[in-house]
Amino acid sequence: MKLGLDITPDLVAVMAAEIKAGEKAVSAAMREAGTDLKSAWRGQITHAGLGRRLANSIRSQTYPKSGESLKAAALVWSKAPVIVGAHDTGLLIRSKDGFWLAIPTPAAGRGLRGGRITPGEWERRRGLRLRFVYRHRGTSLLVADGRLNNRGLGVVSRSKTGRGRATVPIFLLVPQVKLAKRLDLARDAERAHDSLPGRIVADWLGGRL
């Protein structure tokens, strides 16, 4: 008696096709989850009023960069991690030298590159010396003896009669600043992570269910 075994379809071919489908599903799920998490983080930053530029610092990348794999992974990160992290954790900021943090008032204006101006830069640009005013019950100040121009900025007074001259608060001095927690990045990361099994199954089985 001669027995034979014929498996139709080819088991090896079926397994190879399933592995290929799995690689495609995992890679697609990781790509979708990474893209969605990037969009969620950007939305949080924008809605918190931190600006489109900071929101656009959030980037994503799927690995491997080309091809598909059962071990595919997605990375979402910020190109400005210190700033984003500070608003995500509610960072306590202290002066490096242990003295004061100088917070510019509207009368200080902006720095040369549009950023926050420092006391040293302000003195160089305005040609005025800042004077320290200590207040026991309130915020201490750096003030300038000048005037406010029509844009509300502290400048040198050219008046010979003293008309318009004023002591203008230029910087508020505080020992530390506690940033409010304005972001919750972990919340969206957990949602993206929890969505992966469902994404993979949906992409793997496709229309076969």
Side-chain angles (χ1 to χ4, degrees), residues 19-106 108-121 139 171-206 209:
I19 291 173
K20 185 66 177 178
E23 291 174 339
K24 182 177 180 180
V26 173
S27 297
M30 287 297 178
R31 185 165 50 251
E32 293 163 4
T35 299
D36 287 352
L37 180 56
K38 177 181 70 175
S39 298
W41 281 5
R42 285 184 172 184
Q44 272 202 55
I45 292 170
T46 301
H47 293 154
L50 299 175
R52 175 58 60 183
R53 183 176 180 181
L54 186 61
N56 287 341
S57 76
I58 303 297
R59 305 297 173 87
S60 67
Q61 178 64 58
T62 304
Y63 298 94
K65 292 184 178 181
S66 61
E68 297 164 338
S69 172
L70 289 172
K71 297 182 179 180
L75 176 66
V76 182
W77 76 98
S78 171
K79 296 184 71 176
V82 174
I83 299 174
V84 172
H87 290 289
D88 186 40
T89 60
L91 188 67
L92 181 66
I93 301 175
R94 293 187 176 93
S95 171
K96 292 180 180 179
D97 56 17
F99 289 99
W100 303 94
L101 289 172
I103 311 299
T105 68
R110 305 292 290 178
L112 286 175
R113 297 182 179 180
R116 181 170 290 180
I117 195 168
T118 65
E121 181 185 352
T139 303
F171 291 91
L172 307 177
L173 299 177
V174 295
Q176 61 188 31
V177 173
K178 180 69 166 67
L179 290 181
K181 179 176 171 60
R182 304 172 73 178
L183 304 173
D184 189 355
L185 302 184
R187 179 195 64 203
D188 289 336
E190 289 172 3
R191 288 176 179 172
H193 180 270
D194 293 343
S195 74
L196 282 172
R199 292 177 187 270
I200 292 173
V201 171
D203 288 333
W204 197 328
L205 297 181
L209 289 177

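In this text, all values refer to a predicted model and were calculated from it rather than measured experimentally. Residues: numbered from 1 along the sequence shown.
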Seminar exercise, completed: Tightest non-hydrogen contact, residues Arg199 and Ala29, listed as CB-CB, 3.7 Å
Exercise. To the nearest 0.5 Å, what is the distance between CG (Leu112) and CZ (Arg110)?
Worked result: 12.0 Å
For this session: Applying side-chain contact (heavy atoms from CB on, under 4.5 Å), run through Phe171 and Thr118 and close with a yes or a no.
Result: CA-CA 9 Å; Phe171 291 91; Thr118 65; 5.7 Å; no
Seminar exercise, completed: Residues passing the side-chain hydrogen bond (donor to acceptor under 3.5 Å, both in side chains) test with Ser69, sequence neighbours excluded, are none
Exercise. Do you know which two heavy atoms are closest between Ile200 and Ala25, and how far apart they sit?
Worked result: O-CB, 3.7 Å
Exercise. Of all heavy-atom pairs between Leu173 and Thr139, which one has the smallest distance, and what is that distance?
Worked result: O-CG2, 3.2 Å
Problem set entry | Reported CG-to-NZ distance for the pair Asp88 and Lys181, which is rounded to 0.5 angstrom | 4.0 Å
Problem set entry | From CG (Leu50) to CZ (Arg42), nearest 0.5 Å | 14.5 Å
For this session: Report the distance from atom CG of Leu101 to atom CG of Leu172, rounding to the nearest 0.5 Å.
Result: 11.5 Å
Exercise. Could you state the interatomic distance from CE (Met30) to CG (Leu75), rounded to the nearest 0.5 Å?
Worked result: 11.5 Å
Seminar exercise, completed: The side-chain hydrogen bond (donor to acceptor under 3.5 Å, both in side chains) partners of Ser78 (sequence neighbours excluded) come to Ser57
Exercise. What is the minimum heavy-atom distance between Leu54 and Ala80, and which atoms define it?
Worked result: CD1-CB, 3.8 Å
Problem set entry | side-chain hydrogen bond (donor to acceptor under 3.5 Å, both in side chains) partners of Asp203, counting only residues at least two apart | none
Seminar exercise, completed: Value for CG (Leu70) from NZ (Lys20), rounded to nearest 0.5 Å, stands at 10.0 Å
Problem set entry | Side-chain donor/acceptor of Lys38 to backbone N/O of Ile58, under 3.5 Å | no
Problem set entry | Non-hydrogen atoms of Ala86 and Leu179 that approach each other most closely | CB-CD1, 3.7 Å
Problem set entry | Pro104 backbone acceptor or donor facing Arg116 side chain under 3.5 Å | no
Just list the side-chain donor-acceptor pairs under 3.5 Å for residues 182-191, sequence neighbours left out, or say none.
{"residue": "Arg182", "atom": "NH2", "partner": "Ala48", "partner atom": "O", "Å": "2.4"}
{"residue": "Asp184", "atom": "OD1", "partner": "Arg187", "partner atom": "N", "Å": "3.4"}
{"residue": "Asp188", "atom": "OD2", "partner": "Gln44", "partner atom": "NE2", "Å": "2.6"}

Exercise. Who pairs with Gln61 by side-chain hydrogen bond (donor to acceptor under 3.5 Å, both in side chains), at least two apart in sequence or on another chain?
Worked result: none
Problem set entry | Side chain Ser195, main chain Ala192, donor-acceptor under 3.5 Å | yes
Exercise. What are the two closest non-hydrogen atoms of Gly67 and Ser27, and how far apart are they?
Worked result: O-OG, 4.5 Å
Problem set entry | Selection residues 55-79 - residue pairs positive for salt bridge (charged side-chain N to carboxylate O under 4.0 Å, His left out), sequence neighbours left out | none
Exercise. Under the 3.5 angstrom rule, does the side chain of Gln176 hit a backbone N or O of Leu92 as a donor-acceptor pair?
Worked result: no
